[in-house]
Amino acid sequence: GYGQSCCLIEDGERCVRPAGNASFSKRVQKSISQKKLKLDIDKSVRHLYICDFHKNFIQSVRNKRKRKTSDDGGDSPEHDTDIPEVDLFQLQVNTLRRYKRHYKLQTRPGFNKAQLAETVSRHFRNIPVNEKETLAYFIYMVKSNKSRLDQKSEGSKQL
């Protein structure tokens, strides 16, 4: 999308922002129609790239879910909160079982994939994460061309 502008039309006006690397996919189109956004693709354009502004806007609208606050038993008005969607139902059963075993999640024997994925999803959504620390660590590991496995092997060499 270098040198091209966004392929979307918003409220009848063509977006003039530079196109990024996100494209107008079926999933994006579905989100736009479900949320009744006033966005459409300019059919005269030969590319499907959208600008970062519209990409972030569509993602933020798609990821908003209603959640009740638990301060007063859940009877308070609902608020929009951004929760990133992670579709753990796409994982294989063995992966879900390894996750369950790693975190020592308690389930009844004989859970099917849907039940297991729901249990794992519930746990995954409730794991506290220090975002700044995690991002800083990730960037450090990428810039230093290391992986967590490298760290473990270096640590064992020092013993």
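Each residue takes its place number in the sequence, starting with 1.
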TODO: Not counting sequence neighbours, list each pair that qualifies as a salt bridge (charged side-chain N to carboxylate O under 4.0 Å, His left out) and has a residue in residues 128-145.
DONE: none
Open item on the list: By the salt bridge (charged side-chain N to carboxylate O under 4.0 Å, His left out) test, which pairs, at least two apart or in different chains, include something from residues 45-61?
Closed with: none
Task: Distance, nearest 0.5 Å, that separates OH of Tyr49 from SG of Cys6 - done: 13.0 Å
- [ ] Mind checking side-chain hydrogen bond (donor to acceptor under 3.5 Å, both in side chains) for Asp42 and listing every partner two or more places apart, or none if nothing turns up?
- [x] Arg14, Ser44
Task: Pairing residues for Asp11 by the side chain to side chain contact (heavy atoms under 4.5 Å, CB included) criterion, not counting sequence neighbours - done: Lys38
TODO: Working to the nearest 0.5 Å, report the span between OH of Tyr103 and CZ of Arg98.
DONE: 12.5 Å
TODO: Look at the rings of Tyr140 and Tyr137 and say which category their plane angle falls in: under 30° parallel, 30 to 60° tilted, over 60° perpendicular.
DONE: tilted
- [ ] For Lys30, enumerate each residue passing the side chain to side chain contact (heavy atoms under 4.5 Å, CB included) test, keeping only those at least two apart in sequence or located in another chain.
- [x] Gln34
TODO: Taking the side chain as every heavy atom from C-beta outward, state whether Arg17 and Ser5 have any atom pair closer than 4.5 Å.
DONE: no
TODO: Using side-chain hydrogen bond (donor to acceptor under 3.5 Å, both in side chains) as the criterion, list what pairs up with Thr107, not counting sequence neighbours.
DONE: Lys100
Task: Phe111: ring pair (Phe, Tyr, Trp, His ring centres under 6.0 Å) partners, not counting sequence neighbours - done: none
Task: Spacing of CD belonging to Gln106 relative to NE2 belonging to His123, to within rounding of 0.5 Å - done: 11.5 Å
Task: side chain to side chain contact (heavy atoms under 4.5 Å, CB included) against Leu91, all qualifying residues, sequence neighbours excluded - done: Leu88, Thr95, Leu96
Open item on the list: Among residues at least two apart in sequence or on other chains, which ones pass side-chain hydrogen bond (donor to acceptor under 3.5 Å, both in side chains) with Gln29?
Closed with: none
TODO: Using the test side chain to side chain contact (heavy atoms under 4.5 Å, CB included), find all partners of Lys43 that sit at least two apart in sequence or belong to another chain.
DONE: Asp40, Ile41
Open item on the list: Just to verify, what does Glu13 make a side-chain hydrogen bond (donor to acceptor under 3.5 Å, both in side chains) with, not counting sequence neighbours?
Closed with: none
Open item on the list: Tell me whether Phe124 shares a hydrophobic cluster with Leu105, the cluster being built from Ile, Leu, Val, Met, Phe, Trp, Tyr side chains joined at under 4.5 Å.
Closed with: yes
Task: Gap between atom CG of Leu39 and atom CG of Leu8 - 0.5 Å precision - done: 5.5 Å
